[in-house]
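Side-chain atoms are counted along with the backbone in the values below, which use heavy atoms only and exclude waters and symmetry mates. Below, chain A is the first sequence line, B the second, and so on; all start at residue 1.
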Amino acid sequence: MVSGKLTNMSTSSSTPQVVTRFAPSPTGYLHIGGGRTALFNWLFARANGGKFLLRIEDTDRERSTPEATAAILRGLTWLGLDWDGEVVSQWDRRARHAEIAHQMLARGTAYKCFSTQEEIAAFRTQAEASGASYAVFQSPWRGADPSSYPNAPYVIRMLAPRTGETLIEDQVQGRVVIKNETLDDMIVLRSDLSPTYMLAVVVDDHDMGVTHVIRGDDHLNNAARQQMVYTAMDWAVPVWAHIPLIHGPDGKKLSKRHGATGVEEYQAMGYPAAGMRNYLTRLGWAHGDMEIFATDQAVEFFDLKGIGKAPARLDFKKLENTCGHHLSMMENAALLHELDGYLVAAGVVALTSGQKDLLSRGLYCVKDRAKTFPDLIEKAHFMLISRPIVADEPAAKALDPVSRGILKSLTPQLQTVSWTKEEIEPILNQFVAQNGLSFGKLAGPIRAALAGRSTTPSVFDMMLVIGRDETIARLTEASA
RNA sequence: GGCCCGUUCGUCUAUCGGUUAGGACACCUGGUUUUCAACCAGGUAAGAGGGGUUCGACUCCCCUACGGGCUGCCA
């Protein structure tokens, strides 16, 4: 499933093609912020007829798990973000990373450093003790004569410029200038010959032909160091776009205490994927006043210019509202199919084929009013239950003796009417008129009888959906 | 500590030197009504603070405050 091989993805030189990538580390589920980063990359690639690649950054062997990779792929799939080509494993490419590190050595843009971790720690504590609040580590091996090299383990460090500044032309953040003196000679190859992230990410992005790096702005500072690697190798620097992170409702970085942080949790809560995509797209990106849009519209209009600079907070009310629009826009077949996925994700029992049949007949009267799948199921309750109907408390109150009497005298009149709204409606209107009732006095008990609930879709719709026989049976049962 | 980024209604945002600062969610009021939702009409609500630049700043510059990030042989 995950491969370190690279199929020929570099673009032919004549037609420069947009290539984006999402590169999560497999240490847990797909975070909602990661999901949005992936979404932006996907949208940008699709908007430009380019490719969206996926790479798993699994060089941290301690924390990377295959389960996490699987969870991330599931989350992306649920969000509808399809990637091009094979999933690349960064770990599988470690030989290539080491090769580049040695090329840097040969080019004189990197050097061997024999300082031990203890020596580095000592350097820092000493720097702090001597007043300096913090100091970037300066390796004594920088510029050392190779004849003085001991026979000991070493790391390969980038020979970073100590003066001047590095310019990041960021499509979201604008022009960012970082003084080189604040950057250290970062390690590119560890003493166990494994690559560090800073090296691997550049080598992989280059080899994969990535043209646009769209990622969280927690990487903005890293971009400067990574750009040095591109320069050291004479590689073309990609277009940078560092997008702000998502925050919780309180403005703090989104974390578990805010509730759901995993994409799959949102599936389990019953948000439709299209609504989730719409909401996440609008979170930090805007195209004028456009709020509700289908995914192909988002693809049509998405651009880097529309991305905002400030972190956005998650707003569940707006998420729900957006999802409500999408639920009502969805085709029945697609909706039913996704409903199945929700039931599995939520660990709820699947629907019987009988229930599905009724649902597809009656979806029209519930999908406009539901915001999430559990919401939809509650509103479709009358379609999913079978007799005897159990009334909840408010419904039971609506079935007092007087109301039962009303239902009892109504029922015979439904026996012969043709079963359309046009025919049923006059019968009920006539009935309330003859008995000096308000329509509400009749509708309440009907709701209770048919659905066992006090809030339901229109009584006409319910009658139509479950049919004459079932309607009469439920009314009879309730009025007994 | 140092460096980097950010700051428009409660929230998501529009605005790209001249607007009664617009839209959406949420909230409130009224209408419709068969409950809920929806819908229609209306309403409350914003440029963090302070200095500049300018005829004129939400918009450009500086400072402060607040929030976030980076500062690893993590990614």
Q: Report yes if at least one side-chain N or O of A/Ser458 is closer than 4.0 Å to OP1 or OP2 of B/U34; otherwise report no.
A: no

**Q.** Sugar-phosphate, base or nothing in reach of A/Ser25, heavy atoms under 4.0 Å
**A.** sugar-phosphate

Just list the side-chain donor-acceptor pairs under 3.5 Å for residues 305-315 of chain A, sequence neighbours left out, or say none.
residue: A/Arg313; atom: NH1; partner: A/Pro249; partner atom: O; Å: 3.3
residue: A/Asp315; atom: OD1; partner: A/Lys317; partner atom: N; Å: 3.1

(Q) Taking any heavy-atom pair under 4.0 Å as a contact, classify A/Arg453: base, sugar-phosphate, or nothing. (A) nothing

Q. For A/Thr109, which residues count as a side chain to side chain donor-acceptor pair (under 3.5 Å) partner, sequence neighbours excluded?
A. none

Q. For A/Thr59, which contact category applies under a 4.0 Å heavy-atom criterion: base, sugar-phosphate, or nothing?
A. sugar-phosphate

Q. What about A/Ser191, does its side chain sit under 3.5 Å from the base of B/C73 through a donor-acceptor pair?
A. yes

List the atom pairs, donor and acceptor, that lie under 3.5 Å between side-chain atoms in residues 443-458 of chain A and the rest of the protein, sequence neighbours left out.
residue: A/Arg447; atom: NH1; partner: A/Thr456; partner atom: OG1; Å: 2.9
residue: A/Arg447; atom: NH1; partner: A/Pro457; partner atom: O; Å: 3.2
residue: A/Arg453; atom: NE; partner: A/Asp392; partner atom: OD2; Å: 3.4
residue: A/Arg453; atom: NH1; partner: A/Glu378; partner atom: OE1; Å: 2.7
residue: A/Arg453; atom: NH1; partner: A/Glu378; partner atom: OE2; Å: 2.5
residue: A/Arg453; atom: NH2; partner: A/His381; partner atom: NE2; Å: 3.3
residue: A/Ser458; atom: OG; partner: A/Phe460; partner atom: N; Å: 3.1
residue: A/Ser458; atom: OG; partner: A/Asp461; partner atom: N; Å: 3.3

Q) Touch check for A/Gln173, heavy atoms < 4.0 angstrom, all strands: base, sugar-phosphate only, or nothing? A) sugar-phosphate

Q. Counting N and O atoms only, with roles assigned by atom type, does the side chain of A/Thr182 sit under 3.5 Å from a partner on the main chain of A/Ile178, one being a donor and the other an acceptor?
A. no

Are there any protein N/O atoms within less than 3.5 Å of an N/O atom in nucleotides 41-48 of chain B, and if so, which ones and at what distance?
none

Q: Please check if the side chain of A/Asp185 supplies one atom and the backbone of A/Arg157 the other of a donor-acceptor pair under 3.5 Å.
A: no

Q. In chain order, what residues pass the side chain to side chain donor-acceptor pair (under 3.5 Å) check against A/Glu291, with sequence neighbours excluded?
A. A/Arg282, A/Lys318

(Q) Distance check, P atoms only: B/C16 and B/C70, in whole angstrom units. (A) 34 Å

Q. Rounding to the closest angstrom, what is the interatomic distance between B/A48 and B/G10 at atom P?
A. 12 Å

Q.
I'd like the C1' distance from B/C28 over to B/U64, given in whole Å.
A. 37 Å

Q | Pairwise P distance, B/A14 and B/G31 [rounded to whole Å] | A | 37 Å

Q: Determine yes or no for a side-chain-to-main-chain donor-acceptor pair under 3.5 angstrom, with A/His219 supplying the side chain and A/Arg215 the backbone.
A: no

**Q.** Watson-Crick or G-U wobble partner of B/G67, both distances under 3.5 Å
**A.** B/C5

(Q) Give me the distance, rounded to whole Å, that separates B/G22 from B/A46 when you measure between the P atoms they each carry. (A) 11 Å

Q: Please name all residues satisfying side chain to side chain donor-acceptor pair (under 3.5 Å) with A/Tyr342, sequence neighbours left out, ordered by chain then number.
A: none

Q | Span that lies between the P atom of B/G50 and that of B/U59, in whole angstrom | A | 13 Å

Q.
Students often get this wrong, so: under 4.0 angstrom with heavy atoms, is A/Ile187 touching a base, only sugar-phosphate, or nothing?
A. base

Q. Is there a Watson-Crick or G-U wobble partner for B/G42 with both distances under 3.5 Å, and which nucleotide is it?
A. B/C28

(Q) Main chain of A/Asp368, side chain of A/Ser328: is a donor-acceptor contact present, judged purely on distance under 3.5 Å? (A) no

Q: Using a 4.0 Å heavy-atom cut-off across all strands, classify A/Pro457 as base, sugar-phosphate, or nothing.
A: base

Q: With a 3.5 angstrom cut-off on both distances, give the Watson-Crick or G-U wobble partner of B/A21, or none if there isn't one.
A: none

Q) Residues two or more places apart in sequence or in another chain: which of them pass side chain to side chain contact (heavy atoms under 4.5 Å, CB included) with A/Val402? A) A/Asp400, A/Ile406

Q: Using a heavy-atom cut-off of under 4.0 Å over every strand shown, decide if A/Ser115 touches base, sugar-phosphate, or nothing.
A: base

Q: Could you list all the salt bridge (Lys or Arg N to Asp or Glu O under 4.0 Å) pairs where at least one residue sits in residues 21-39 of chain A, not counting sequence neighbours?
A: A/Arg21-A/Asp205

Q) When you check the gap from the basic side-chain N to the acidic O, do A/Arg93 and A/Asp207 get nearer than 4.0 Å? A) yes

Q: Please list residues of residues 361-375 of chain A whose heavy atoms come under 4.0 Å from any atom in RNA chain B, ordered by number; otherwise none.
A: A/Arg369, A/Lys371

**Q.** Atom pair distance, as rounded to whole Å: CD1 in A/Ile243 and C1' in B/G6
**A.** 14 Å

Q.
Within the 4.0 Å heavy-atom criterion, would you say A/Val459 contacts the bases, only the backbone, or no part of the nucleic acid?
A. base

Q. Please, which pairs that meet salt bridge (Lys or Arg N to Asp or Glu O under 4.0 Å) have at least one residue in residues 420-431 of chain A, sequence neighbours excluded?
A. none

Q | Aromatic plane relationship, A/Tyr271 with A/Tyr266 - under 30° parallel, 30 to 60° tilted, over 60° perpendicular | A | tilted

**Q.** Contact residues, residues 317-327 of chain A to RNA chain B [heavy atom, < 4.0 Å]
**A.** A/Lys317, A/Lys318, A/Asn321

(Q) What contact category does A/Glu291 fall into here, base, sugar-phosphate, or nothing, at under 4.0 angstrom with non-hydrogen atoms? (A) base

Q: Could you measure between the two C1' atoms, the one in B/G17 and the one in B/U53, and give it in whole Å?
A: 12 Å

Q: Would you confirm whether A/Asn41, through its side chain, and A/Thr20, through its main-chain N or O, come within 3.5 Å as a donor-acceptor pair?
A: no

N/O to N/O distances under 3.5 Å, protein versus nucleotides 62-70 of chain B:
residue: B/G69; atom: O2'; partner: A/Asp218; partner atom: O; Å: 3.3
residue: B/G69; atom: N2; partner: A/Asn221; partner atom: ND2; Å: 3.2

Q. What nucleic acid atoms does A/Arg313 come within less than 4.0 Å of, heavy atoms only: base, sugar-phosphate, or nothing?
A. sugar-phosphate

Q | Between B/C25 and B/A45 - C1' atom distance, rounded Å | A | 13 Å

Q: Identify the nucleotide, in any strand shown, that forms a Watson-Crick or G-U wobble pair with B/U59, with both distances under 3.5 Å; if there is none, say none.
A: none

(Q) For A/Arg175, is there any backbone N or O sitting under 3.5 Å from a side-chain donor or acceptor partner on A/Asp170? (A) no

